[in-house]
Amino acid sequence: MKQLLQWTIIIPVLAWILFFSGLVDNSSVFQVVASILLILSVMSAVHHSEIIAERVGEPYGTIILAISITVIEVSIIVSLMLSEGSEAASLARDTVYAATMLILNGIIGLCLLIGGLKHYEQNFSVSSVTIGLVSLVSIIVFTLVFPTFTESVAGSYYSIPQLVFASIACIVIYSSFLFAQTSRYRQYFLTVGDDENEEIVEPILIDNKTFYTSLVFLIVSLGIVVLLAKTLSPTIESIIISYHLPKTLVGVVIAAIILLPEAIAAIIAARKNRLQTSINLALGSALASIGLTIPSVAAVCIMMDMPIILGLDIKSIVLLALSVFTVMLSLSKGKSNIVYGVVLLVNLFAFVFLMIYP
């Protein structure tokens, strides 16, 4: 009973009750309350993910958090596409693009900067980064770049055979990445370096009851974070429009909220001098975001005969290429540097700035 009365369990339950009450739709006061509960639910998700990671070990802990968030995100995207039809044809592309830019520039940039400021220089496995980036670059090109240049269908669309091929390619590449991370080359993804001044923490024994409780409430917390973010999106949109900003910023704000648990977990790991864990989480999240979202959405669109826009415009392709190239150079030596973090964060600001001033 004492375990069930912890705030990390009570808060997500209260958030679900508020969501199903319908009060958020009609009251600005309850919208503020929902915003507070949303942030606290993010903290709850981080807490439960840390417990799970402590029990299952790395890199399984980061995989569970990344896939959990992505699966819930996919379900929301699919539900919105089914309800809005052709008006949401570009929703999957915009969400995946925003998430990828936030992960590559925001999460990795903050981890490199904060970790570097506290520990001067941090080590990580170049082999793990290479595996992750090779997989990510291929998936990005297949899903977000090629549709702009193919000739079978006019516009930023894939034909059905092309869409099937891209979906299969995503699944194959992501599956091979998971196989490498969890089995064949697992040692590459473990914390490296004998001279990492990692904070010494006494090992915590996690019993089965605590583990399964955290596993359940991780899903519960992540679910309500996504649902409240979507529920509050009209309010966010009205605020953005009132300041004469583009509506595309709404997707960025929602993606940022959804990625908060991963971002906080990655930054905490970097502060504890476990940059390898931060990189595992960031690259794994980017791969899961594209490798699971696109095939799922593509399957629904093919079955329901719905259009799906995947190709980015030239400006977005250039920004994405700059981000990927900068991350590749930043993580090519196996040692961190605060300059890399600063440059990546500047890339992120450029992404937002050029969205406001295209």
Side-chain angles (χ1 to χ4, degrees), residues 39-40 42-47 49-50 53-54 58-59 61-62 65-66 69 98-130 132-133 136 188-202 204 252-253 255-286 289 319-320 322-353:
I39 300 301
L40 292 176
V42 167
M43 301 303 295
S44 173
V46 173
H47 170 78
S49 68
E50 288 180 338
E54 189 72 29
E58 290 299 334
T62 57
L65 179 58
I69 291 178
T100 303
M101 294 294 286
L102 288 171
I103 291 169
L104 293 181
N105 296 304
I107 296 179
I108 294 180
L110 281 173
C111 288
L112 293 177
L113 179 60
I114 293 173
L117 288 174
K118 184 172 183 180
H119 300 285
Y120 180 71
E121 191 175 75
Q122 295 174 292
N123 300 324
F124 55 89
S125 167
V126 177
S127 298
S128 69
V129 170
T130 302
L133 287 177
L136 183 61
Y188 293 165
F189 297 85
L190 303 178
T191 301
V192 296
D194 297 329
D195 58 344
E196 292 186 296
N197 301 309
E198 184 175 344
E199 295 181 5
I200 300 175
V201 180
E202 291 294 328
I204 302 173
V252 177
V253 172
I257 294 172
I258 293 173
L259 290 172
L260 265 179
E262 292 169 307
I264 294 174
I267 291 170
I268 290 174
R271 281 182 54 83
K272 292 181 178 179
N273 212 12
R274 298 203 303 262
L275 186 61
Q276 183 66 54
T277 300
S278 302
I279 294 174
N280 290 348
L281 186 54
L283 294 182
S285 298
S289 179
L319 280 172
L320 185 58
L322 172 64
S323 301
V324 173
F325 186 62
T326 307
V327 169
M328 292 177 68
L329 291 178
S330 300
L331 303 180
S332 63
K333 299 298 183 182
K335 292 185 180 293
S336 67
N337 187 306
I338 60 172
V339 176
Y340 303 153
V342 171
V343 173
L344 288 172
L345 291 175
V346 170
N347 289 349
L348 178 63
F349 293 140
F351 163 63
V352 177
F353 177 81

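To the nearest 0.5 Å, atom CG of residue Leu344 and atom OG of residue Ser330 are 4.5 Å apart. For the atom pair Ile279 CD1 and Cys111 SG, the distance stands at 8.0 Å (nearest 0.5 Å). In this structure, His119 NE2 and Ile114 CD1 are separated by 10.5 Å, a value rounded to the nearest 0.5 Å. To the nearest 0.5 angstrom, Leu329 atom CG is 8.5 Å from Tyr340 atom OH.
Here the closest heavy-atom approach between residue Asn337 and residue Val339 is recorded as OD1-N, 2.8 Å. For the pair Val126 and Lys333, the tightest heavy-atom approach, listed with the atom from each and the gap, is CG2-C, 3.6 Å. Heavy atoms only, all atoms of each residue included: Leu283 and Gly132 are closest at CD1-CA, 4.4 Å. Among all heavy-atom pairs drawn from Asn105 and Leu345, the shortest one is O-CD2, 3.8 Å.
Looking at Leu281 and Ser278, their side chains never come closer than 4.5 Å, going by heavy atoms from C-beta outward. Put simply, the side chain of Leu275 reaches to within 4.5 Å of the side chain of Leu112, judged on heavy atoms. In this structure, the side chains of Asn123 and Lys335 come closer than 4.5 Å at one or more pairs of heavy atoms.
Considering only residues two or more places apart in sequence or on other chains, Ala282 meets the side-chain contact (heavy atoms from CB on, under 4.5 Å) condition with Ile103, Ile107, Ile108. The side-chain contact (heavy atoms from CB on, under 4.5 Å) test applied to Thr100 returns Val96, Leu104, Ile140, Ile290, Leu320, not counting sequence neighbours.
Screening Leu331, Asn280, Val327 for a side-chain contact (heavy atoms from CB on, under 4.5 Å) with Val129, the sole residue that qualifies is Leu331.
Ser289 places no side-chain N or O within 3.5 Å of a backbone atom of Ser285 that could act as its donor or acceptor partner. With hydrogens and angles disregarded, a donor-acceptor distance shorter than 3.5 Å links the side chain of Ser336 to the backbone of Gln122. Side chain of Thr277 to main chain of Ala269: no donor-acceptor pair is present (N/O by atom type, distance under 3.5 Å, no hydrogens or angles). Counting only distance, with no hydrogens or angles, the side chain of Thr326 and the backbone of Leu322 share a donor-acceptor pair below 3.5 Å.
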- Task: Before giving the answer on side-chain contact (heavy atoms from CB on, under 4.5 Å), spell out for Leu190 and Gln276 the whole-Å C-alpha distance, their side-chain angles and the decisive distance to 0.1 Å.
- Result: CA-CA 7 Å; Leu190 303 178; Gln276 183 66 54; 6.0 Å; no

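Looking at Asn347 and Ser323, their side chains never bring a donor and an acceptor atom within 3.5 Å of each other.
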